[in-house]
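Heads up: the structure comes next, in structure tokens.
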Amino acid sequence: MDGSLASIGAGLGQTSYAQGIRDAFQYLLSTHSNCFAIGQGLWSPWYVGATMDDLDKEFGKDRVIDTPVSELACTGAALGASLCGYRPVVIHPRMDFMLMATDQIVNQAAKWAHMLGGRTSPAITIRAIINRGGEQGAQHSQALHAWFAHIPGLRVVMPATAADARDLLIASVMCDEPVLYIDNRWLYERSDHLGDITELRLEDQGPRVLRKGDDITLVGSGYATWLCEQAADELATQGVSAEVVDLRVINPIDHGLVIASVTRTGRILAVDDGWQNCGLAGEILAAVAEAIEPSSFKSRPSRLTLPDAPAPTSKPLEALYYPTVADVVTRALSVMR
Amino acid sequence: MDGSLASIGAGLGQTSYAQGIRDAFQYLLSTHSNCFAIGQGLWSPWYVGATMDDLDKEFGKDRVIDTPVSELACTGAALGASLCGYRPVVIHPRMDFMLMATDQIVNQAAKWAHMLGGRTSPAITIRAIINRGGEQGAQHSQALHAWFAHIPGLRVVMPATAADARDLLIASVMCDEPVLYIDNRWLYERSDHLGDITELRLEDQGPRVLRKGDDITLVGSGYATWLCEQAADELATQGVSAEVVDLRVINPIDHGLVIASVTRTGRILAVDDGWQNCGLAGEILAAVAEAIEPSSFKSRPSRLTLPDAPAPTSKPLEALYYPTVADVVTRALSVMR
Amino acid sequence: MASGRDTTVKGLQAKLGNLAESEYFTPPATKPAGPENDAEYAVKGLDSLADPAFHNAPLDITDWPHDRLRGFLHRMLTIRAVEERLGELVESGDVVCPVHLAIGQEAIPVAVSHHLTPADRVFGAHRSHGHYLALGGDIYQLFAEVLGRADGCSRGMGGSMHLFAPEVGFMGSVPIVAATVPVAVGAALAAKMDKGDAVAVSYFGDGAAEEGVVHESLNLASQMNLPVLFVCENNLYASHMDISQRQPSDSTARFAQANGIPHAVIDGNDVAGTARVAGEMITAARNGGGPSYLEAVTYRWRGHVGPDENTDVGIRRSTAEIAAWKRRDPVARLVAAMTSRGDMSGNEPGAMADAIRDHVDDCAARALEAPYPENSALMDLVYAGSPTPASGGR
Amino acid sequence: MASGRDTTVKGLQAKLGNLAESEYFTPPATKPAGPENDAEYAVKGLDSLADPAFHNAPLDITDWPHDRLRGFLHRMLTIRAVEERLGELVESGDVVCPVHLAIGQEAIPVAVSHHLTPADRVFGAHRSHGHYLALGGDIYQLFAEVLGRADGCSRGMGGSMHLFAPEVGFMGSVPIVAATVPVAVGAALAAKMDKGDAVAVSYFGDGAAEEGVVHESLNLASQMNLPVLFVCENNLYASHMDISQRQPSDSTARFAQANGIPHAVIDGNDVAGTARVAGEMITAARNGGGPSYLEAVTYRWRGHVGPDENTDVGIRRSTAEIAAWKRRDPVARLVAAMTSRGDMSGNEPGAMADAIRDHVDDCAARALEAPYPENSALMDLVYAGSPTPASGGR
Ligand SMILES: Cc1ncc(C[n+]2csc(CCOP(=O)(O)OP(=O)(O)O)c2C)c(N)n1
Ligand SMILES: Cc1ncc(C[n+]2csc(CCOP(=O)(O)OP(=O)(O)O)c2C)c(N)n1
Ligand SMILES: [Mg+2]
Ligand SMILES: [Mg+2]
């Protein structure tokens, strides 16, 4: 398992992904009086990692609100506040728990603007944390980003870097539409030099090339992007020049950059740490297959995903379950033949 | 819109899709004393179309149970009964309402066997009805089969024909695992000559070729299969020989037949009346692209889906929203070039 | 009332008085289960409020000035006329979308809305024409919406079940049962954060009370002391199901009680009485008193959806039951009271109704001629804040 | 009791006695909101049951025979020894999966399980070692499960939060809060359909009561008169949150009251008293009396997850509070009562505890040596009834 990113921990002047999230909250709560945070664990020293430490003390328990164990009502309440001029972030410490709130996310937030003729603005941000590994098992390990990317009207954002963790959270909250912002605890130690905060327009954000390369295009989002980056480094030592595309925003999805890259490399491996059937990796492959002439492919497109099984708890099975950098390298080499 | 199938209504000795469902319930309740039905609308003359008419009178309100407006608890209760030797069918008259029960379907039913070491059998069948059109709008029109096909441990079944409506329902209920059975009201009038009932093993069921053809493979499930069949008839008149594959079971999904067909035809159009991003049509294209050498494709794979928008209500927009037979024909012709 | 209610555990306990004498105090508080001892576990029911043989006399309108009552009557007649016209349009096939009529239930939103301003935030559900119209929502825009026209209050994108009129404080209705209840709680949270005196109102039905989210919402509102009025329009049915087929009591106020929320169970076909109680509750909310729960008992004359009477469902619904409830008509009872007090002459109500119907017919006729939305609305409104290309389709 | 309870609306109303005198009877039942009148909306609280200064005397064991109490003590000591050992294994790093300890709460499942047979259907949640062990669940298999070994009660596929032992009636525990509550209701529905006398038991916490599904489940169980015992282990915390930060009252039995379900609020650290009340409720359920709700007040000595005490959370949790609660120790109070009645000599309890600890240590040691599941389990168990190829992965 690749649970630890200690190897790329914070150097001098670097900011971690977790700290980036906290910086974003700090910025939003300081500069936007209509922003508030609500969710389970916000008054806890350990519930949401280090991403919200002491924000309740800094900004008051009226703006950093911990809640009863009522995911559905709390999400609905955040939606209601967003319709009245606020920019709430509702936090679900595990995506699995957020399934209790499916109705408010999928039937409500995603649809209110469209079905009310665009006259209302559900400017709610829903923060879902992927919190897996550690033998937590099937109900505490899910990465269901593909699910939510399937829902029109819901923007879905998956930061892979510390900079994006901060900047895309701010962009999500400043966006007038409902956004699902998904962070992954396996990335919390990942660090970067971060520039000053500027408010990005989320609607202008899309996929980005993180490593240039000519032989194969590796596509990921969130933690899978990190896997691709590490794999690209390893592949380079083996003489394979891999381009890495980080999707960043998976709904609405803009396939242009990936298509352009594969048009050039002729090879694609989509990596996803979600499930395969009707998942995100399949979406990428389908889009590429639809857009590029068969004759331009140098080999068959490929995808590497979780096995289609619930997360196990037992140590050896857990190790078997999660894709690793080595798995990405091996698969990329097989795409290269 | 293709809401009406009156053109292929019941002829002499034919059984409709809706009647096929009712026949399945009749059979199950008569021959299996541990089977029962529970859900909203079961004591109503109009709630679930004609698929359950008077079953409560025939088998008693103890075995055909109407419920409070509590989707989550009722689904959980069906799961609980299934763990104690029963074979319940829990009915959700609209898939949209079923989202209230997401936790019990996705976190519970789909995972109990795996996470309890295979020692328990959640032999629950969840029946979700796709009930769309008629200007019902965004919260009363969803077809979220791709969502549930994404969940390991949950078998997902989508009958397209009257025979399958009956036989796959029986197979679902007799299966020892959780099954989501999805029927579509737009198919209720579709009719067939049905043979005698034999209990099929659901785990042996998979895709089926409904029309043989050589030029292009059309793939669908549920109502999309019917679109493909009608389109194939029309294409035949234009000299195009289309093969139609009906997926029938979309999780776990067996791509073998589609791959074999496209290997032969060299062309594929996947049709789905669900959304595109991370949807079922993309899954089909991805599987085909992964499995077949680029050089074997005669043209780019293609998919035709709902636009990625919530369902509108207004008449002209609704007409624009749902794919029609003509759309399938047009797209297939463009794949043919 | 300045300090608001004390909703802490200690505060609530203090209100209980002498807990030492309570059965809850001395453990083990052995309470044998069984019919002999059931009385102590019983929950209250509606009793005569659910029985149309009672509460059908003219209203007690003492203290209500003439013009206020005329206003109530005008709004109730408007709702009824609009809904009757909508029923006709369903029958004629002009209206296709599902239409849930609240004929017979007009008094409740009229009474509640009397105390509201456009700064308040009102949420409805599938049966919300009355909620919208009682606030003064535009009649023409309602017809246009139900007909799917671009002039509709939701630009023709929602139909009957998705109404929106922020200019009068109507912040949205949607047909997923109970979905707007937590949304209204959030609007109340926003109001509290605003530090103004706006309130939120959540309309829902007796069936909605079976959805877990209502209970989560009651707890949240109580715990956070939010300015929200829960209005349960208890019409004894959820679609085809009689309340006795769904709940062990026919009164839902017990859920407010369980959450420490002030509540009242009233005759929802008495516009004056309903307005009196709603007014006290809304005033309390404006003054920091937190949530209240108003259970207003009523009855829908038509079936669950469409103009049909649905006499084929439930366990007691019948032509006779409907006829009995028509004798508890909220409109007729107000008219009777006003006429007998001399507020109105014999033919005034009829004339008022005629004028309203003329106006309503005119709105409907114009709406039938209104244009549909542009095709581009389908994709442009998915990300309404900033049109962004979406995928799929042809 | 032969005929069961009458749970119809009419039946419940009949139990209310003279409804004509009730405030619910005569509308408009104007109930002004505001602090002056809050008493009538107040909900009951736990009062002294939540205060560790009370209820820490030796138990009242009159009527309980010696060997029954010895059995209780043995089970409680077993639970405590197993959980303490598990805490050590967490600290040593041998156990990785999340482990929620119920040390201090042992009396409740021991008392409830006393009345159960393997034909009954018990469901737990994330903190369920005690529920499993109190039924006689195998100790070695529990350690093996927590360690992810193939000999585990769930074949090593679930860890601490997913236990299963149908041979003793334990039908499953999972960590999604409140998820097993409706599942237990369904098991009760199955029991009722079986027409036997089995009952279902649903253990859940005070935090779970905030999930809407619990309220849906209470309604369903009440409406269908199902043989289910709801056991709310109220330990005053949900993770880091004190109950007063989450609910307007610290007693959850008000939700049972709202659903017409017989209920009791008791000292959950009194094994004898808890067993008495649980017995009456279970007997009622077996005899067609339907659901009951037992709120057992207790306290967990350790933090939310793992062996730490979590004195850094909530609003009153502290070393002092924990020490005070340890004086309401369910084990020590039983031992004190038995010793003072002469049921046990001074060193007997210690000897019993030593023997138990030896056995527990032995089980743990064996489990540490047990093999992990085969790799094939990962995919073979997805469709356990009939292995079917699944996709994905490498
Ligand atoms: C979540 C959900 N479940 C079921 C339905 C179907 N449904 C529509 S209205 C209704 C009954 C609601 O009853 P009630 O809340 O009493 O409102 P009323 O219709 O009586 O005004 C039901 C079950 C739905 N729309 N949403
Ligand atoms: C649906 C869901 N939401 C949140 C959580 C996180 N969580 C785990 S245990 C817990 C607290 C439960 O409190 P309570 O029900 O009182 O049980 P206790 O831990 O006190 O035994 C929470 C919030 C979860 N597991 N599932
Ligand atoms: Mg109703
Ligand atoms: Mg607790």
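Residue numbers start from 1 in every chain, and the chains themselves are labelled A, B, ... in the order their sequence lines are given, proteins ahead of strands. Quick note: numbers below take in every heavy atom, side chains included, and nothing from hydrogens, waters or symmetry partners.
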Checklist line | Separation of Leu320(A) CG from Asn375(D) CG (nearest 0.5 Å) | finding: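 Spacing of CG (Asn375(D)) from CG (Leu320(A)) equals 4.5 Å.
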
Discussion item. Within this structure, what is the CZ-CD1 distance for the pair Arg94(A) and Ile176(D), rounded to the nearest 0.5 Å?
Written reply: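 One gets 9.0 Å once the value is rounded to the nearest 0.5 Å.
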
ask   = Using non-hydrogen atoms and a limit below 4.5 Å, what part of residues 206-216 of chain D faces chain A?
value =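 Against chain A, the residues of residues 206-216 of chain D that fall inside the cut-off (heavy atoms, under 4.5 Å) are Gly207(D), Glu210(D), Glu211(D).
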
- request: List for me each residue that meets side-chain hydrogen bond (donor to acceptor under 3.5 Å, both in side chains) alongside Arg302(D), sequence neighbours excluded, and say none if there are none.
  value: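 Checked Arg302(D) against side-chain hydrogen bond (donor to acceptor under 3.5 Å, both in side chains); zero matches.
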
Does any backbone or side-chain atom of [X] lie under 4.5 Å from a heavy atom of chain D? Answer side chain, backbone, both or neither.
{"X": "Pro45(A)", "result": "side chain"}
{"X": "Thr67(A)", "result": "backbone"}
{"X": "Trp43(A)", "result": "both"}
{"X": "Leu72(A)", "result": "neither"}

Exercise for review: Check whether any side-chain heavy atom of Met161(D) sits under 4.5 Å from a side-chain heavy atom of His140(A), and report yes or no.
Suggested key: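 Answer yes - side chains close enough.
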
Quick one, Tyr372(D) and Leu317(A) - any side-chain contact, counting heavy atoms below 4.5 Å?
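Tyr372(D) does not reach Leu317(A) side chain to side chain.
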
Item to check | Under 4.5 Å from a heavy atom of chain A, the part of Val174(D) involved | outcome: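 When you check distances to chain A, atoms from both the backbone and side chain of Val174(D) fall under 4.5 Å.
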
* With a cut-off of 6.0 Å (strictly less than), are more than 12 heavy atoms of other residues, nucleotides or ligands near CD of Glu58(A)? ->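 It does: Glu58(A) CD has more than 12 such atoms within range.
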
Could you name each residue pair satisfying salt bridge (Lys or Arg N to Asp or Glu O under 4.0 Å) that touches residues 39-56 of chain A, not counting sequence neighbours?
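Passing the test, one end in residues 39-56 of chain A: Asp54(A)-Lys57(A), Asp56(A)-Lys61(A).
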
What side-chain donor-acceptor pairs closer than 3.5 Å can you find for residues 153-160 of chain D, not counting sequence neighbours?
residue, atom, partner, partner atom, Å
Ser154(D), OG, His162(D), O, 2.8
Ser160(D), OG, His129(D), NE2, 2.8

| Heavy-atom pair count under 4.5 Å with chain D, highest-scoring of Ser70(A), Ser314(A), Pro316(A) |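 Of the candidates given, the most pairs with chain D belong to Ser314(A).
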
Minimum heavy-atom distance Gly392(D)-Thr305(A), with the two atoms named:
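So the two residues come closest at CA-OG1, 3.5 Å.
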
Margin query: Please find the pair of heavy atoms, one from Ala309(A) and one from Val382(D), that lie closest to each other, and give the distance.
Written below: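 So the two residues come closest at CB-CG2, 3.4 Å.
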
side-chain contact (heavy atoms from CB on, under 4.5 Å) between Met241(D) and Asp66(A), intermediate numbers included:
CA-CA 9 Å; Met241(D) 293 280 277; Asp66(A) 208 324; 3.6 Å; yes

Worksheet item: Should the pair His240(D) and Trp46(A) be assigned to parallel (<30°), tilted (30 to 60°) or perpendicular (>60°) ring geometry?
Response: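 Perpendicular, since the angle between the ring planes exceeds 60°.
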
